[in-house]
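Structure record follows, encoded as structure tokens.
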Number of protein chains: 2
Amino acid sequence: MSDSSPTTNPAARPATAVPGTGGPRSAGTRRAILDAARATFAARGYEQATIRAVAARAGVDASMVMRYFQSKAGLFTAAVTMDLQAVDLRSAPPSDRGEQLVRHFVDRWEDPRQGDDLIAMLRTAATSETVAGQLQAVLSQQIAGPVAAALGDDGAAERAAFIATQLLGLALCRYILRFEPLASLPATAVVAAVAPSVQHYLA
Amino acid sequence: MSDSSPTTNPAARPATAVPGTGGPRSAGTRRAILDAARATFAARGYEQATIRAVAARAGVDASMVMRYFQSKAGLFTAAVTMDLQAVDLRSAPPSDRGEQLVRHFVDRWEDPRQGDDLIAMLRTAATSETVAGQLQAVLSQQIAGPVAAALGDDGAAERAAFIATQLLGLALCRYILRFEPLASLPATAVVAAVAPSVQHYLA
DNA sequence: CATGTTTGCCAACACTTGTTGACAAACGGA
DNA sequence: TCCGTTTGTCAACAAGTGTTGGCAAACATG
């Protein structure tokens, strides 16, 4: 006690909180809010997603969301912060690397957990320069990194950029705009169709 | 006279209005509002673009925007309605059709007039199912049409969908997210790099 | 049990949004 | 000149937003 005001000190952790979750408050509520935020941001985009909608989905009050995360922007950052592991393209023969890269990304998008993060991020990046920068950083690690590691640094940035156009365009049309017949095709067919295009940028 | 209430009847056109513009009010103001709306929607997206911002940019009052176009949605539709002429792929040898298609689209995006329309539409489509449907209709006419005309109907819809992923992904990364080094490359270099990918989907 | 902390809910504030209506100035025809 | 229509401005409304503070219950600790 006498440390500082309890409301503003995130280090004051109650006994019921699970250590290691990173949050100062109830772990269950925090997780419920984060899950609801992910789903809401992914489904409606940043502006359309209201704090009240997130709170309702999580079964708590809107002011709870504010106490757990300090602002809507903070909630978005916390909800969308993910640790994706990058591919190691060197483990595959050069002719298979395009397909490997596409499959890796499609797997991420199809995964309900990580996919919602990416969809929310992509949706928001279209209207927020800040998030666009974050997305570029993620893609730099996810694409430019492995490409440079596998091919060397000459022109890797350009190659990665063009690969990003193909992969983001696929995500946009299939998961956000839901263009038919693309959205209904099985994932394997999509991977098979797009792989040669990415392979071309790698060669 | 005695027809109906003048405020709600769009057919009542004053003598000062220019016939053929399609609008019942002053042609100059209408055009100023439409230009401002295009620029604002393209720059900030649908939700972020406020009627007051459009009005300020056009140099008129916000209520004027409402009287000319009945709602924000109506303004968006009027501002973003464009008539793009589709390519005729049959006029080129099959091996050049990919490049022709890409160049046609990049030319549209780079054109300040039509480009703003498309950027606004793409930005908005990411968060509005209605606009996503409109965009799909435009792309169907711009891509699926020429592809089916050139290659026949077998699998044309799928081919067009994959071509759309590449072309929309390029537009997203270059004109909206402004990823580097992609955004700074000359248009010719972009066309040359992306053309083989589209060509692959055509073959 | 008494106490202080945490959790959660309720109500409200300040602000912005799209939208509407009333009213003054310009303009054109009779 | 007079009058109706049109054009434009001002102020306001109703709804929804993120955000804040206060207050009651739960809960662990002494």
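By convention in this document, chain letters (A, B, ...) are assigned in the order of the sequence lines, proteins followed by strands, and residues within each chain are numbered from 1.
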Please write out each protein N/O paired with an N/O of nucleotides 11-17 of chain D under 3.5 Å, distance rounded to 0.1 Å.
| from | atom 1 | to | atom 2 | distance (Å) |
| --- | --- | --- | --- | --- |
| D:dA12 | N6 | B:Arg52 | NH2 | 3.4 |

Original post:
Looking at side-chain heavy atoms only, is the closest gap between B:Met121 and B:Gln134 below 4.5 Å?
Top reply: yes
Between [X] ([atom1]) and [N] ([atom2]), how many Å, whole number?
| X | N | atom1 | atom2 | result |
| --- | --- | --- | --- | --- |
| A:Arg30 | C:dT6 | CZ | P | 16 Å |
| A:Tyr68 | D:dT20 | OH | P | 17 Å |
| B:Met64 | D:dG8 | CE | C1' | 5 Å |
| B:Arg67 | D:dT5 | CZ | P | 14 Å |
| B:Phe76 | C:dT19 | CZ | P | 14 Å |

Please output the side-chain donor-acceptor pairs of residues 144-169 of chain B that fall under 3.5 Å, not counting sequence neighbours, one pair per line with the distance.
| from | atom 1 | to | atom 2 | distance (Å) |
| --- | --- | --- | --- | --- |
| B:Arg159 | NH1 | B:Tyr201 | O | 3.2 |
| B:Arg159 | NH1 | B:Leu202 | O | 3.3 |
| B:Arg159 | NH1 | B:Ala203 | O | 2.9 |
| B:Thr165 | OG1 | A:Gln166 | NE2 | 3.1 |
| B:Thr165 | OG1 | B:Phe162 | O | 2.5 |
| B:Gln166 | OE1 | A:Tyr201 | OH | 2.9 |
| B:Gln166 | OE1 | B:Ser197 | OG | 3.0 |
| B:Gln166 | NE2 | A:Thr165 | OG1 | 3.1 |

Subject >> side-chain hydrogen bond (donor to acceptor under 3.5 Å, both in side chains) against B:Ser91, all qualifying residues, sequence neighbours excluded >> reply: none
**OP:** Under the side-chain hydrogen bond (donor to acceptor under 3.5 Å, both in side chains) rule, collect the residues that match up with A:Gln141, sequence neighbours excluded.
**Re:** none
Subject >> Results of ring pair (Phe, Tyr, Trp, His ring centres under 6.0 Å) for B:Phe76 - residues two or more places apart only >> reply: B:Phe41, B:Tyr46
Original post:
Going by the salt bridge (charged side-chain N to carboxylate O under 4.0 Å, His left out) test, which pairs reach into residues 161-178 of chain B, not counting sequence neighbours?
Top reply: B:Glu110-B:Arg174
Original post:
Nearest of C:dT19, D:dT9, C:dG8 to any side-chain atom of B:Met66?
Top reply: C:dT19
